[in-house]
Amino acid sequence: MNIDFTAIEEKWRKAWYDAKINESVPIQGKKKFFMIFAYPGVTGYLHVGHMRGYTFSDAVVRYKMMTGHQVLFPVGTHATGNGAISFAKRVERRDVATIEMLRANGCDEETIAKLSDPAEVVRFFNQVYINDYWKRFGFLSDWRRFTCTIYPDYSKFIEWQMRKLMVEGLLIQRPYFAAACLEHGPVAIDPSETDISKGGNAEVLEYLLLKFDFEDGRKLVAATLRPETVFGLTNFWLNPDVEYVDVRVDGEIWVVSRPAAEKLKLQKDKVEVIGSAHGASLMARRCKAPFTGKMIPIFPSTLCDPNVGSGLVMSVPSDAPVDWIGLVELKKDKAAGDRYGITDQMIEDAHPIPIIDTPGWGPLPAVEISERMGITSLSDPKLDDATKEVYKTGFHTGVMNKSCGEYAGRPVEQAKEAMREEMLASGQADVFHDLSEEVLCRCGAKVFIKKIPDQWFIDYANPALTERSREHALTMKILPREYYDNIQNVLEWYRERACVRLGNWLGTRFPFDQRWIVEAIADSTLYPVYYVVSMYANTGQIKAEKMDEEFFDYVLLGKGDGSSVAKNTGFSRDVIESIRKEFEYWYPLDINLGGKEHMTVHFPVFLMNHVAVLRPQHWPRGILVNWYITATGGKISKSKGGAQPIPDAAERFGVDAMRLFYAHVASLYVDVAWEDEKVEGYRDRLEKLCVTVDELKSVTTTESSEVDAWLTARLESRLFGLHKYMEEFDLRSYVNDVYFETPQDLRWYVRRGGKNKSVLMAALEKWIPLMAPVTPHVAEEMWESIGKKPFVSQIQLASGSLSDKVVMEEAKERLVSRLLEDISEILKVTRIKPSRIVVMTSPSWKYEMTADALAATKGRPDISALIKKAMVSAKTPQEKKEIPAYAKDLVMNVTKASPEDRRGLAAPIDELEVLKKTVPFLQSEFGCEVLVFSASDPGRIDPKGKAGFARPGRPAVYLE
RNA sequence: GCGAGGGUAGCCAAGCCCGGUCAAAGGCGACAGACUCAAGAUCUGUUCCCGCAGGGGUCCCCCGGUUCAAAUCCGGGCCCUCGCACCA
């Protein structure tokens with residue numbers, strides 16, 4: 001069969017949206033379910049991987065809709081930041097990759113021309129996301145509520161949120177050191193290099209500047225990451241070929257390199273270059289080390305890079321391989337020594353001083369590792385690794401040794417921090433930020449670290465807020481389970497977070513200072529709230545410019561007076577009241593689903609902002625995290641492309657096949673590679689199911705059979721299990737049952753001789769709706785094909801049950817299928833072609849003993865009690881002989897039995913009767929005569945004495 | 001640096017929290033049989049090793065431990081992946 005999935009999708013999509021079944025309306029008194037997925041940033045086309053989480057959400061929402069809930073499933077987009085701006089810039093300068101990517105996605109030239117405007121970029125992609133992705137996939141989202149973070153009404157909401165945070169005392173100001181281009185302001189340093197043209201992997205390093213007193217009162221300033229090593233100082237390094245400058249800082253005169261002076265100007269107030277000093281002139285003189293007061297000589301080193309740190313370096317040859325090798329080389333270089341007046345004795349005096357005891361290392365790790373790695377020259381590239389290794393092990397496992405004064409005996413990790421504080425407090429040191437590698441702005445200019453003296457932060461470290469959030473998180477449904485635990489730690493460790501920024505960004509102006517734009521995380525954490533309001537703004541019933549603090553306070557916090565709000569905003573009182581009522585109805589948010597990248601950023605602040613601003617009854621109730629769909633070779637990247645456009649994939653595989661793939665290919669909580677063949681497999685599966693439905697609905701026979709009751713019961717029990725899965729949002733198990741196990745049931749029914757039209761139709765009427773959450777288009781089509789009225793999407797699913805009757809029917813059929821397996825196994829092993837099969841059910845005493853064993857079970861049944869009881873009522877000597885062995889066997893089986901087996905064994909079924917009715921089926925399966933006896937029937941046919949094998953649930957078999 | 005997750009049969013992937021139901025679900029692939037003129041589709045069966053009676057052996061990255069019992073718990077090791085540090 002060749003099914004035109006695209007046509008089916010189009011048909012039902014249109015039908016749903018025409019009938020507006022996606023529009024959310026509160027029904028007071030009815031249960032509600034409110035779910036969102038973390039809206040995507042508008043930075044280009046999405047790829048097939050992104051649809052995983054979105055589709056999962058839609059499936060959950062559809063399921064909820066079919067189980068008695070009014071649902072709200074709104075969508076929006078996030079355009080704050082520089083994504084659209086940098087996209088527009090790439091288009092403007094006709095960036096080849098960007099243009100090609102647009103064309104590959106079917107974008108025409110006229111549109112491309114428009115996309116050099118960021119606002120157009122946002123408008124364009126908003127439309128792409130809605131139409132080409134979400135509607136195309138049949139989402140039952142309420143489109144009337146769509147919002148975007150740069151809409152004016154959304155901005156009003158963000159302003160309100162910032163005001164509330166201010167009132168709560170959660171907005172604080174303090175200095176901050178940010179990467180910035182002097183021309184273009186702050187830039188983001190990240191591997192995708194959206195703002196920059198070089199240096200995406202750079203890190204911001206925090207150096208400590210140590211001040212060394214020089215004889216004339218100036219201070220030589222060395223930058224270091226390891227202040228604790230001052231105890232091992234032996235000398236100072238300066239580059240004789242580099243120009244150094246005198247800089248006036250806070251009344252002191254510092255000597256640093258010229259680039260360092262420029263950087264300092266950006267990070268400290270009133271920094272002034274007042275003179276210059278050539279490195280060579282300082283050679284062989286002495287300076288006084290901070291902290292220890294030791295006098296050390298100044299030696300030349302060409303390795304002092306004026307662009308790194310301060311351009312001056314302190315030398316600790318015991319723990320820094322570079323310093324050690326520097327000394328070794330200097331010793332060999334007589335010419336340099338002579339030139340600068342450095343004697344052998346001076347170098348000799350600069351021998352390494354052991355300062356840190358590190359397990360597994362000798363007293364001088366730098367010397368040791370240089371020898372081990374065979375490093376003898378400063379040009380050896382292995383120096384980097386050597387330095388890292390010594391630093392890492394020393395920092396984590398080292399202890400300051402006895403020559404470290406009051407710090408002796410303290411772990412390096414602690415000593416470092418304590419010494420830093422002490423030197424800063426005494427004015428012997430200062431802090432300096434620098435980038436670990438060169439970073440260039442898009443404009444080509446160098447990026448520096450710049451002090452922002454008055455940066456605003458949201459105080460997520462606030463202890464009360466943290467505590468309340470953590471407590472609330474414990475009451476939430478957070479999946480996967482690991483994250484439920486881990487979010488406690490994330491919340492605990494969460495620190496102040498910069499919430500506004502300068503520069504050219506899209507977003508909302510900070511209400512307390514218009515120079516700032518609210519940062520992209522800060523404006524995307526409380527927003528589920530806004531979907532309640534957005535619909536009214538979209539329809540023009542309320543106007544952005546009038547949405548003031550009083551308005552939001554009233555509808556979201558229940559504060560104030562409705563008539564006053566109406567008067568001041570000019571909005572209709574009815575509208576205001578219904579927004580407020582809707583908010584009270586839909587909130588709190590039941591589930592927020594987002595990718596795993598949100599675990600340490602979005603989710604914690606999402607939670608904390610709710611806790612900070614809203615009333616407790618409106619705090620969120622659940623978080624679901626999804627892992628990624630990756631490309632076979634690695635992560636599918638938005639910017640780097642390489643993945644097929646979503647509409648193309650939809651056309652090629654069918655939307656429902658993709659939806660099925662997402663839902664079933666793996667648990668939500670693992671990454672999984674996208675493979676065309678797999679998706680094709682799911683498409684084939686769907687086609688098969690369509691065929692199955694077609695065949696079953698065409699059955700016209702009305703004869704009843706033994707298995708009619710079983711099929712009905714089976715679906716009851718499946719239904720019951722499915723709801724259990726969905727309580728845990730375990731869509732994968734749900735799909736496995738609906739799409740793979742249930743068709744097996746139907747096949748078994750037919751194989752067993754089931755052919756009753758009305759039983760089959762009843763089964764289809766139960767089964768097809770179960771597919772509606774995951775493959776809704778195909779489900780609607782099937783539903784229609786069996787003569788039902790649309791929409792299957794709106795059918796209420798039965799709850800299912802595990803009643804005694806259901807258990808008994810399942811146990812009966814299990815008896816039959818197990819017998820079938822046993823016989824097949826024996827046939828396989830013996831390679832007999834049977835002429836007759838004899839089946840023997842257990843003697844009654846075995847049933848009795850089994851019942852006793854099951855009843856006794858709390859832990860293990862008592863073997864001897866079972867034996868004693870059976871012996872008393874034993875009728876024959878043969879029986880007495882069998883009892884002990886059987887009892888032992890039974891106890892083992894009962895302890896190991898699954899709940900299902902246990903229920904089956906306990907079910908009161910007459911095995912002899914059931915099996916006698918199965919004789920025709922067995923005869924046709926094996927093509928020979930089948931006889932059924934009780935093992936205690938004197939007339940049984942059992943020449944090889946197999947009757948003893950009989951157990952309840954597992955009759956004995958004799959073949960010949 | 002700070003933090004998280006993971007290594008299961010030819011492949012993908014459940015199971016692990018709550019030890020016995022586990023030779024380990026399901027899918028894919030492969031093989032065999034049925035149907036068919038044939039192929040495809042579909043259905044049935046097999047797919048770690050041994051076995052002419054429904055059984056036995058070995059197994060879930062490696063090593064060790066706890067236990068009557070470990071894929072599952074604990075300790076150590078090797079390897080992989082990912083998140084964060086004003087991209088969102």
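To find a chain, count down the sequence lines: A is the first, B the second, and so on, and within it residues start at 1.
Taking atom P in both B/A24 and B/C60, one finds a spacing of 15 Å when rounded to whole Å. B/G20 and B/C31 are spaced 36 Å apart, taking the P atom of each and rounding to whole Å. Taking atom P in both B/U42 and B/G55, one finds a spacing of 33 Å when rounded to whole Å. Separating the P atom of B/G65 from that of B/A69 is a span of 12 Å, rounded to the nearest Å. Taking the P atoms as reference points, B/C50 lies 46 Å from B/A4, given to the whole Å. Going from the P atom of B/G15 to that of B/U72 covers 15 Å, rounded to whole Å. B/U8 and B/C16 have their C1' atoms separated by 11 Å, with the value rounded to a whole Å.
Dashed line: the shortest gap from a side-chain N or O of A/Thr600 to OP1 or OP2 of B/G3 is not under 4.0 Å. Taking 4.0 angstrom as the limit, A/Arg497 places a side-chain polar atom (N or O) nearer than this to OP1 or OP2 of B/A85. Residue A/Arg751 has a polar side-chain atom (N or O) positioned under 4.0 Å from OP1 or OP2 of B/G45.
Not a single donor-acceptor pair, N or O on each side, falls under 3.5 Å between the base of B/A85 and the side chain of A/Arg495.
Taking a cutoff of 4.0 Å between a charged side-chain nitrogen and a carboxylate oxygen, A/Lys477 and A/Glu728 qualify as a salt bridge. A salt bridge links A/Asp454 with A/Arg515: the closest approach of a Lys/Arg side-chain nitrogen to an acidic carboxylate oxygen falls below 4.0 angstrom.
Every pair passing salt bridge (Lys or Arg N to Asp or Glu O under 4.0 Å) that includes a residue from residues 479-490 of chain A is listed here, sequence neighbours excluded: A/Arg481-A/Asp485. Residue pairs meeting the salt bridge (Lys or Arg N to Asp or Glu O under 4.0 Å) criterion with at least one member in residues 659-671 of chain A, sequence neighbours excluded: A/Asp58-A/Arg659, A/Lys596-A/Asp671.
Panel note: side chain A/Tyr886, backbone A/Gly948; no donor-acceptor pair is recorded below 3.5 Å.
Of the candidate nucleotides B/G6, B/G26, B/A13, B/G26 has the atom lying nearest to any side-chain atom of A/Glu741. Listed nucleotides: B/C84, B/A4, B/A25. Nearest to the side chain of A/Asn486: B/A4.
For the pair A/Glu695 and A/Ser824, nearest-nucleotide mapping onto RNA chain B gives the more 5' position to A/Glu695. In this structure, A/Ala179 and A/Arg954 both approach RNA chain B, and ranking their closest nucleotides by distance from the 5' end singles out A/Arg954.
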List the protein contact pattern of nucleotides 27-33 of chain B with one symbol per nucleotide (5' to 3'): B for base contact, S for sugar-phosphate-only contact, - for none; contact means a heavy-atom distance under 4.0 Å.
S------
Do any N or O atoms of the protein come closer than 3.5 Å to N or O atoms of nucleotides 46-52 of chain B, and which pairs are they?
| residue | atom | partner | partner atom | Å |
| --- | --- | --- | --- | --- |
| B/C52 | O4' | A/Val829 | O | 3.0 |

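Among residues two or more places apart in sequence or in another chain, the salt bridge (Lys or Arg N to Asp or Glu O under 4.0 Å) test is passed with A/Glu821 by none. A/Tyr958 is linked by a side chain to side chain donor-acceptor pair (under 3.5 Å) to A/Glu960, counting only residues two or more places apart in sequence or in another chain. Contacts of A/His598 classified as ring pair (Phe, Tyr, Trp, His ring centres under 6.0 Å), with partners at least two apart in sequence or in another chain: A/His602, A/Phe603. Every residue two or more places apart in sequence or in another chain that forms a side chain to side chain donor-acceptor pair (under 3.5 Å) with A/Glu810 is listed here: A/Arg714, A/Ser717. For A/Tyr154, the ring pair (Phe, Tyr, Trp, His ring centres under 6.0 Å) criterion is met by A/Tyr530, not counting sequence neighbours.
With a cut-off of 3.5 Å on both Watson-Crick or G-U wobble distances, the partner of B/G1 is given as B/C84.
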